[in-house]
Amino acid sequence: MSGAKQPANGAAAPASNFIRQIIDADNASAKHGGKVITRFPPEPNGYLHIGHAKSICVNFGIARDYGGVCHLRFDDTNPAKEDVEYEESIKEMVEWLGFSYRDHLFYASNYFDQLYLFAEHFIERGLAYVDSQSAELMRANRGTFEKPGIDSPFRSRTVVENLALFREMRDGKHADGAHVLRLKIDMASPNINLRDPAIYRIRHVAHHRTGSKWCVYPLYDYTHSISDAIERITHSICTLEFEAHRPLYDWVLAKLVEAGKLPAPSPQQIEFARLNLSYTVLSKRKLLELVDTGIVNGWDDPRMMTLAGLRRRGFSPASIRLFAERTGASKAHQWVDMADLERALREDLDTTATRAMAVLDPVKVVIENWPADTTELCSAPAHPHDESRPRREFKLGRELYIEREDFMEVPSKGFFRLVPGGEVRLRYGYIIKCERIEKDADGNIATIFASYDPATKSGTPGGRNVKGAIHWVAAVDGLRAEVRLYDRLFSIENPDAGEGDYKTHLNPNSLRVVQAWLEPSLVAAQIDQSYQFERMGYFTPDRVDSTPSKLVFNRAATLKDGWKPG
RNA sequence: AGGGGAGUCGCCAAGUGGUAAGGCACCGGAUUUUGAUUCCGGUAUACGUAGGUUCGAUCCCUUCCUCCCCUGCCA
């Protein structure tokens, strides 16, 4: 009865949490007849980020585990800020994350008629009034945390007066800001949200869905509670900052239920802690600023923790779901390390990513005893634990490239790659020995001259082996490509807590671009597919800049590196 | 006259009167032509603090401390 616990992708079953406990209890008492309906209610005024992803996973995940449904509902009550562009992006990202909203797409704006009628109902019951104070005066009269507010001089308007005025507001007879419709609750409430909250304001602005039909638009608390009830949401899961709004949510619904306008039982608002990620910022305002000031290249910049950015960077939907599952849902403020996101990525990609070899910082190797102008075909599995996938092939010739960091002229203790006079295996190829090196005018190693042992071809039964194996790309069939190496955008854990503006803590090395050598199989690399460049990390073709004639790869994450030079 | 929340291992997070799950990280060791993966094994005398109730308290009561949220005609 504790919800069908279906692992998201072979991972452990979702842990019990306080939300699921509430649902279990409701199911046990048949409060909602065993139904579970949740909702993800974004305002279409920005792009989704990793924090939203967690909320999506919580809401859609619970619906899935309990055999219920999760509504995608656009909270589009503020036409001045919202746009279809955002709506489309949000829908795309929800789907990309692996959740379907097909038959469960809703809009708060679809309830505008109903919301309006309910507002008149509140007026008729003497529970709402038109306030004509200025915004400034309203603020002043609301009181403070310690001091109760004082009643508006318009609080005692008659029902007839209120109704007439509200209809005039609706009919466009008044300017923006001239009046506002307020619930009549309690100006002395210790909870400021209950001090006669405004529920309708005048906005002579066209709405992207309702056009110019309305010039009065309902506010969040009023709209959200009623929308939930109309959709028969059973559990309305939101973040902690709405805790103080719950009494208002309950008040609105209770009044409508007692009048027979809405069915019982009402949905229950449940709040959980939002996600905080280290080394980044997640507020819409800051994300926008990073884009507007050109610090990043757009909303889908791979360094951005937006879902568009994460996707472009090479994060898989499954890895984000795994991450959301691991961080769980609770009421304690959580501060999660960015590295945890990368670990979830590695865990997912290790089992799925096709392998390939790529040299990101090339140094040339010449095998002097390799016959000139000859090559030999080598092959390698697409995945080390899945031999059923077609193998990849590439050539080995006299000249090739290896990673600069795989050679040390003066090796650190414990270094077992290539050193002067030492041997190393060319993965899937032969064992080579470094005979001598040649440096350029600046003292950098220009070429490594080596010899190979013909008896050591990869796969030779009973052949000898050496400890180190390094990746390489032959000059004959290697591909050139641009590779973008990303790192965290900020250099301190909490950019907001440091001294000064968060933008003073940018990591200057958050993007490095290198020209790499890739093995030939990578010409066929697909957008949205991840590749493990062996020993280097997980990469994906850049979805906007990569073309077959000019390959561009993004690094999503490095591989775990257990070697500590000593 | 203020109100509402939260404090359990480095990071998440269960448990809620019967003597501290799990994940990640970390540390050993085995396998490995990725210093990856995988596999074994280890890791809180301890639940913000001080008291109290109880045979027994992370869980109940009280004190104190720390942190977060709320004074938009934003959501």
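Naming convention: chains lettered A, B, ... in sequence-line order (proteins, then strands); numbering from 1 in each chain.
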> Do the side-chain N or O atoms of A:Q334 get closer than 4.0 angstrom to the phosphate oxygens (OP1, OP2) of B:rC11?
Replying inline: no
> Can you find a side chain N or O atom of A:S330 that sits less than 4.0 Å from OP1 or OP2 on B:rC12?
Replying inline: no
> Reckon A:A135 touches a base, only the sugar-phosphate, or nothing at all at heavy-atom distances under 4.0 Å?
Replying inline: base
> Of all the choices, B:rA75, B:rG35, B:rA1, which nucleotide is nearest to the side chain of A:Y220 once you look at every atom?
Replying inline: B:rA75
> Just checking A:G149: base, sugar-phosphate only, or nothing, at a heavy-atom cut-off of under 4.0 Å?
Replying inline: nothing
> Considering only the P atoms, how many Å lie between B:rC24 and B:rG42, rounded to the nearest integer?
Replying inline: 15 Å
> Looking for any heavy atom pair under 4.0 Å, which part of the strands does A:G562 touch: base, sugar-phosphate only, or nothing?
Replying inline: sugar-phosphate
> With a non-hydrogen cut-off below 4.0 angstrom, is A:L219 in contact with a base, only sugar-phosphate, or nothing?
Replying inline: sugar-phosphate
> Taking the six-membered ring for Trp, is the centroid-to-centroid distance between A:Y531 and A:F539 below 6.0 Å?
Replying inline: no
> Looking for any heavy atom pair under 4.0 Å, which part of the strands does A:Y428 touch: base, sugar-phosphate only, or nothing?
Replying inline: base
>> Expressed as a whole number of angstroms, how long is the span from A:M187:CE to B:rG3:P?
In response: 18 Å
>> Rounding to an integer number of angstrom, what distance separates B:rU58 and B:rU49 when you compare their P atoms?
In response: 11 Å
>> Taking ring pair (Phe, Tyr, Trp, His ring centres under 6.0 Å) as the cut-off, I'd like each qualifying pair that reaches into residues 321-349 of chain A, sequence neighbours left out, listed once.
In response: none
> Say you pick atom C1' in B:rU53 and the same atom in B:rG41; how far apart are they, in whole Å?
Replying inline: 43 Å
> When you look at NZ of A:K284, are more than 12 heavy atoms from neighbouring residues, nucleotides or ligands closer to it than 6.0 Å?
Replying inline: yes
>> My validator wants the stems of RNA chain B: runs of 3 or more consecutive Watson-Crick or G-U pairs, both distances under 3.5 Å, written as range with range.
In response: B:2-7 with B:65-70, B:10-12 with B:22-24, B:26-30 with B:38-42, B:50-52 with B:60-62
Pairs under 3.5 angstrom, nitrogen or oxygen only, protein versus nucleotides 26-32 of chain B, please.
none

>> Quick check for you: among B:rU34, B:rG72, B:rG2, whose closest atom lies nearest to any side-chain atom of A:E534?
In response: B:rU34
> Which of the following nucleotides, B:rC24, B:rC73, B:rA36, is nearest to the side chain of A:R326?
Replying inline: B:rC24
> Looking for any heavy atom pair under 4.0 Å, which part of the strands does A:R427 touch: base, sugar-phosphate only, or nothing?
Replying inline: base
>> Counting the atoms with a prime plus P, OP1 and OP2 as sugar-phosphate, which does A:H471 contact under 4.0 Å by heavy atoms, base, sugar-phosphate, or nothing?
In response: nothing
> Parallel, tilted or perpendicular for A:H207 and A:Y217, by the 30°/60° rule?
Replying inline: parallel
> If you pin A:N78 and A:D350 to their nearest nucleotides in RNA chain B, which one's is more 5'?
Replying inline: A:D350
> Within the structure shown, what part of the strands sits under 4.0 Å from A:T327 by heavy-atom distance: base, sugar-phosphate, or nothing?
Replying inline: sugar-phosphate
> With a 4.0 Å cut-off on heavy atoms, is A:Y217 in touch with a base, just the backbone sugar-phosphate, or nothing at all?
Replying inline: nothing
> Does a donor on one side chain sit under 3.5 Å from an acceptor on the other, for A:Y111 and A:E231?
Replying inline: yes
> Would one find a side-chain N or O of A:R201 under 4.0 angstrom from OP1 or OP2 of B:rA75?
Replying inline: yes
> Closest nucleotide of RNA chain B for A:P218 versus for A:R355: which of these residues is on the 5' side?
Replying inline: A:R355
> According to a strict under-4.0 Å criterion, is A:R195 in side-chain N/O contact with OP1 or OP2 of B:rC70?
Replying inline: no
> Tell me, which pairs form a salt bridge (charged side-chain N to carboxylate O under 4.0 Å, His left out) where one or both residues lie in residues 273-282 of chain A, sequence neighbours left out?
Replying inline: A:E241-A:R274
> Taking atom C1' in both B:rA44 and B:rG35, what distance in whole Å separates the two?
Replying inline: 31 Å
>> Can you tell me which nucleotide in B:rG5, B:rA75, B:rU33 comes closest to the side chain of A:A469?
In response: B:rU33
For nucleotides 66-68 of chain B, give me every protein contact, N/O to N/O, under 3.5 Å, one pair per line with atom names.
| unit_1 | atom_1 | unit_2 | atom_2 | d |
| --- | --- | --- | --- | --- |
| B:rC68 | O2' | A:H333 | NE2 | 3.1 |

>> Taking the minimum atom-to-atom distance to the side chain of A:E43, which one of B:rA75, B:rC11, B:rC70 wins?
In response: B:rA75
> Base, sugar-phosphate alone, or nothing: which one does A:F415 contact when heavy atoms must sit under 4.0 Å apart?
Replying inline: base
>> Closest approach to the side chain of A:H385, judged atom by atom: which nucleotide of B:rC12, B:rA36, B:rA1 is it?
In response: B:rA36
> Does OP1 or OP2 of B:rU37 have a side-chain N or O of A:R535 closer than 4.0 Å?
Replying inline: no
>> For A:E519, give me all partners under salt bridge (Lys or Arg N to Asp or Glu O under 4.0 Å), at least two apart in sequence or on another chain.
In response: A:R392
> Which nucleotide in the set B:rC74, B:rG5, B:rG3 lies at the smallest distance from any side-chain heavy atom of A:R203?
Replying inline: B:rC74
>> What's A:E271 touching, base or sugar-phosphate or nothing? Going by heavy atoms closer than 4.0 Å.
In response: nothing
>> As a test of reading the structure: which of B:rC12, B:rU37, B:rG2 is closest to the side chain of A:F145, going by heavy atoms?
In response: B:rG2
>> Please check if the number of heavy atoms outside A:K184 that lie under 6.0 Å from its NZ is greater than 12.
In response: yes
> Nearest to the side chain of A:T77, which nucleotide is it out of B:rA75, B:rU33, B:rG35?
Replying inline: B:rA75
>> When you compare the side chain of A:P153 with that of A:Q133, does any pair of heavy atoms fall below 4.5 Å?
In response: yes
> Does NZ belonging to A:K433 count more than 12 external heavy atoms closer than 6.0 Å?
Replying inline: no
> With syn defined as a glycosidic torsion within 90 degrees of 0 and anti otherwise, which applies to B:rG4?
Replying inline: anti
>> Can you tell me how the ring of A:H49 sits relative to the ring of A:H52, calling it parallel under 30°, perpendicular over 60° and tilted otherwise?
In response: tilted
> Checking all strands, does A:M138 fall into the base, sugar-phosphate, or nothing category for heavy-atom contacts under 4.0 angstrom?
Replying inline: base
> Which word best sums up how the rings of A:Y430 and A:Y452 line up, parallel for under 30°, tilted for 30 to 60°, or perpendicular for over 60°?
Replying inline: perpendicular
